[in-house]
Protein chains: 2
Amino acid sequence: MPTILIVDDEEDIRELISVTLMRREDYKLIEATDGLSALAIAREERPDVILLDLMLPAMDGLTVFRNLREDARTKAIPVIMLTARGRLEEKLTGLELGADDYMAKPFSPKELTLRVRNLLRRTNRNAHSSVIVSGPFSLDKNSLKLLLDGDAIDLTSTEFKLLLSMIESPGITQERGDLLKKVWGYSDLIQTRTLDTHIKRLREKLGPYGNSIETVRGSGYRFLEE
Amino acid sequence: MPTILIVDDEEDIRELISVTLMRREDYKLIEATDGLSALAIAREERPDVILLDLMLPAMDGLTVFRNLREDARTKAIPVIMLTARGRLEEKLTGLELGADDYMAKPFSPKELTLRVRNLLRRTNRNAHSSVIVSGPFSLDKNSLKLLLDGDAIDLTSTEFKLLLSMIESPGITQERGDLLKKVWGYSDLIQTRTLDTHIKRLREKLGPYGNSIETVRGSGYRFLEE
DNA sequence: CGCTCCTGTGACAAATTCGTAACCCGGTGA
DNA sequence: TCACCGGGTTACGAATTTGTCACAGGAGCG
């Protein structure tokens, strides 16, 4: 579920945006009423999109934006700037600074929704959507890496495939034959200890989290659901 | 140098856009006057951005857009839709379909430039920059030079190409076959030690940073992500 | 033309991975 | 109680993959 940070000092605007977005999509919304708290929240929460009003008390929106772009933690977060209609110079300054989008109030609720959605899609299109996260596990199909609680774990090619096969269907028991087919390409019921050997090796490498892989006696194995 | 496809049947619009963009940035511009040729060009040239007028003869812009999004070759190309002012329904339909941006004519030339620029930045962080920086590495595509912690390292042509191929996708494991294709143009699975030999030579020249190139056994190689 | 450098090839060494087979243990059913 | 089944474990050797090296041919330069 994407997280959206709404930065506006006017409560009715925040309310309007909040209602608009929640009516049409399933987002987690966070609100900030001033620049400083917006920056703190952005750094802490790493929202997927920021809706940033330019007319803020104390620290104005453009300054907030500059700060966002200067901080490695927040520089990649897409930002939609909001402000009063007709302020072309302001608009251009925002775009000059690298804003992802710009909308003038009052905006069409549907347009806002669509722009947020498209921005999320565009961002996800370029992101490592190949990463599967489950509890402390983070499995990246692009880099063929496993991170466990943030620590890299060396897996062999077969181990990676096996873990991937299991983590893709958490909570689902996979028959031994299915796993043998998926990972090794065995198409018939054959008698082999290969799967068990690799399960053991995998469990060893996973240390305490090795018990995330559960044995279903008489059937196969199952990756613990989060 | 990014490629921009301008799709508009009106010559003065194409001219305006062309002049606007060329005045401010170094782009390769391609023009199309109708939907069919736009699609053909997009598939062949894979532009970095498409400026798509919605009022086209024969095949309208929305249909062109749908086709772009349905084709794996073009679905990832960012599209800015252009049309007459005030057509909110049309605007929403475009955004509904997933357009990356929407501008109403007449548009501010500067705004157009900025939106194109920002879109390019978001989708290709390094595409229009000739210098790729990653940690201590600074690779200049124009001078074919590598700086490592500020010190120039002599690379042969092949070594440079190989390092560039890897550094362009940090953290991504690239199959041996893919690297052989990219750097040597080999198109089939062949048995060769060439890649490994060059990897070894590259690692030697990189000294302590040679371990930025990681071996992914059974797959290929990966440049360490920053 | 001679020299130097670059490049790719093929042979061999080193390292790693993998699968097998034997053995063990616990649970279940007759 | 006993036999059997299924999964856990271990050790070993084979297979595969990657690293390394030396050499030869080609390209480029003076």
Side-chain angles (χ1 to χ4, degrees), chain A residues 144-146 152-166 173-224, chain B residues 144-146 152-166 173-224:
Chain A
L144 304 182
K145 269 188 175 176
L146 166 66
I153 305 285
D154 270 337
L155 297 182
T156 67
S157 167
T158 303
E159 285 161 3
F160 187 92
K161 278 179 71 180
L162 180 56
L163 182 57
L164 181 60
S165 293
M166 303 193 63
T173 297
Q174 296 187 58
E175 302 279 345
R176 302 173 57 84
D178 292 335
L179 286 169
L180 284 166
K181 183 170 188 175
K182 256 164 93 179
V183 177
W184 283 273
Y186 293 166
S187 56
D188 296 311
L189 286 182
I190 58 172
Q191 303 303 314
T192 178
R193 311 304 302 156
T194 299
L195 173 57
D196 311 278
T197 300
H198 283 84
I199 289 282
K200 172 190 163 49
R201 285 177 180 151
L202 200 41
R203 282 168 167 162
E204 274 178 352
K205 288 193 174 177
L206 300 182
Y209 294 110
N211 54 31
S212 297
I213 300 180
E214 301 177 310
T215 304
V216 182
R217 192 174 169 93
S219 178
Y221 294 97
R222 172 177 64 205
F223 191 82
L224 199 64
Chain B
L144 305 183
K145 277 189 174 173
L146 166 67
I153 306 284
D154 270 337
L155 296 182
T156 67
S157 166
T158 304
E159 284 161 3
F160 185 91
K161 278 180 71 179
L162 180 56
L163 181 58
L164 181 61
S165 294
M166 301 194 65
T173 295
Q174 295 187 58
E175 303 279 346
R176 304 174 57 83
D178 292 336
L179 286 170
L180 284 165
K181 182 169 187 174
K182 256 163 91 179
V183 178
W184 283 274
Y186 294 166
S187 55
D188 296 310
L189 287 181
I190 59 171
Q191 303 302 316
T192 178
R193 310 304 305 152
T194 299
L195 172 57
D196 310 278
T197 300
H198 282 84
I199 290 282
K200 172 190 160 52
R201 286 176 180 152
L202 198 42
R203 280 169 168 161
E204 278 176 350
K205 289 194 176 178
L206 300 182
Y209 293 112
N211 56 28
S212 298
I213 300 179
E214 301 176 312
T215 303
V216 182
R217 192 179 167 92
S219 178
Y221 294 97
R222 172 176 66 205
F223 191 81
L224 201 62

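Side chains are part of it too, since the values below use all heavy atoms of this structure and drop only hydrogens, waters and symmetry mates. Each chain gets a letter, A, B and so on, in the order the sequences are listed, and its residues count up from 1.
Note on A/Arg201: a base of the nucleic acid sits closer than 4.0 angstrom, heavy atoms only. The residue B/Val216 sits close only to the backbone: its heavy atoms come under 4.0 Å of sugar-phosphate atoms, none of a base. Nucleic acid contact class of B/Thr194 (heavy atoms, under 4.0 Å, all strands): base.
Side-chain contact annotation: A/Tyr221 with A/Asp178, donor-acceptor N/O pair under 3.5 Å absent. The closest side-chain donor-acceptor pair between B/Thr215 and B/Arg203 falls under 3.5 angstrom. Residues A/Thr158 and A/Thr156 bring no donor and acceptor atom of their side chains to less than 3.5 Å of each other.
Within the structure, a side-chain polar atom (N or O) of A/Thr192 is placed less than 4.0 Å from OP1 or OP2 of C/dT20. Of the side-chain N and O atoms in A/Tyr221, one or more sit less than 4.0 angstrom from OP1 or OP2 of D/dG8. Between B/Trp184 and C/dT7 there is no side-chain N or O to OP1 or OP2 distance below 4.0 Å. Contact annotation: B/Arg193 does not reach the phosphate of C/dC12 (side-chain N/O to OP1 or OP2, under 4.0 Å). At C/dT7, one or more side-chain N or O atoms of B/Thr156 fall inside 4.0 Å of OP1 or OP2 (strictly under the cut-off). Residue B/Thr215 places none of its side-chain N or O atoms closer than 4.0 Å to OP1 or OP2 of D/dT18.
B/Leu146 pairs in a side chain to side chain contact (heavy atoms under 4.5 Å, CB included) with only one of the listed residues (B/Asp154, B/Leu163, B/Leu164), which is B/Leu163. Applying the side-chain hydrogen bond (donor to acceptor under 3.5 Å, both in side chains) test between B/Asp196 and each of B/His198, B/Lys200, B/Arg193 identifies B/Arg193 as the sole match.
The residue among A/Glu204 and A/Gly218 whose nearest nucleotide of DNA chain D lies closer to the 5′ end is A/Gly218. Each of A/Thr197 and B/Arg203 was assigned the nucleotide of DNA chain D with the nearest heavy atom; the assignment lying further toward the 5' end belongs to A/Thr197.
To the nearest angstrom, C1' of D/dG6 lies 12 Å from CG of A/Leu195. For the pair A/Glu214 CD and D/dG8 P, the computed distance is 12 Å after rounding to whole Å. The CG atom of A/Leu162 sits 14 Å away from the C1' atom of C/dT17 (whole-angstrom rounding). Residue B/Lys200 contributes atom NZ, which lies 16 Å from atom P of C/dA13 at whole-angstrom precision.
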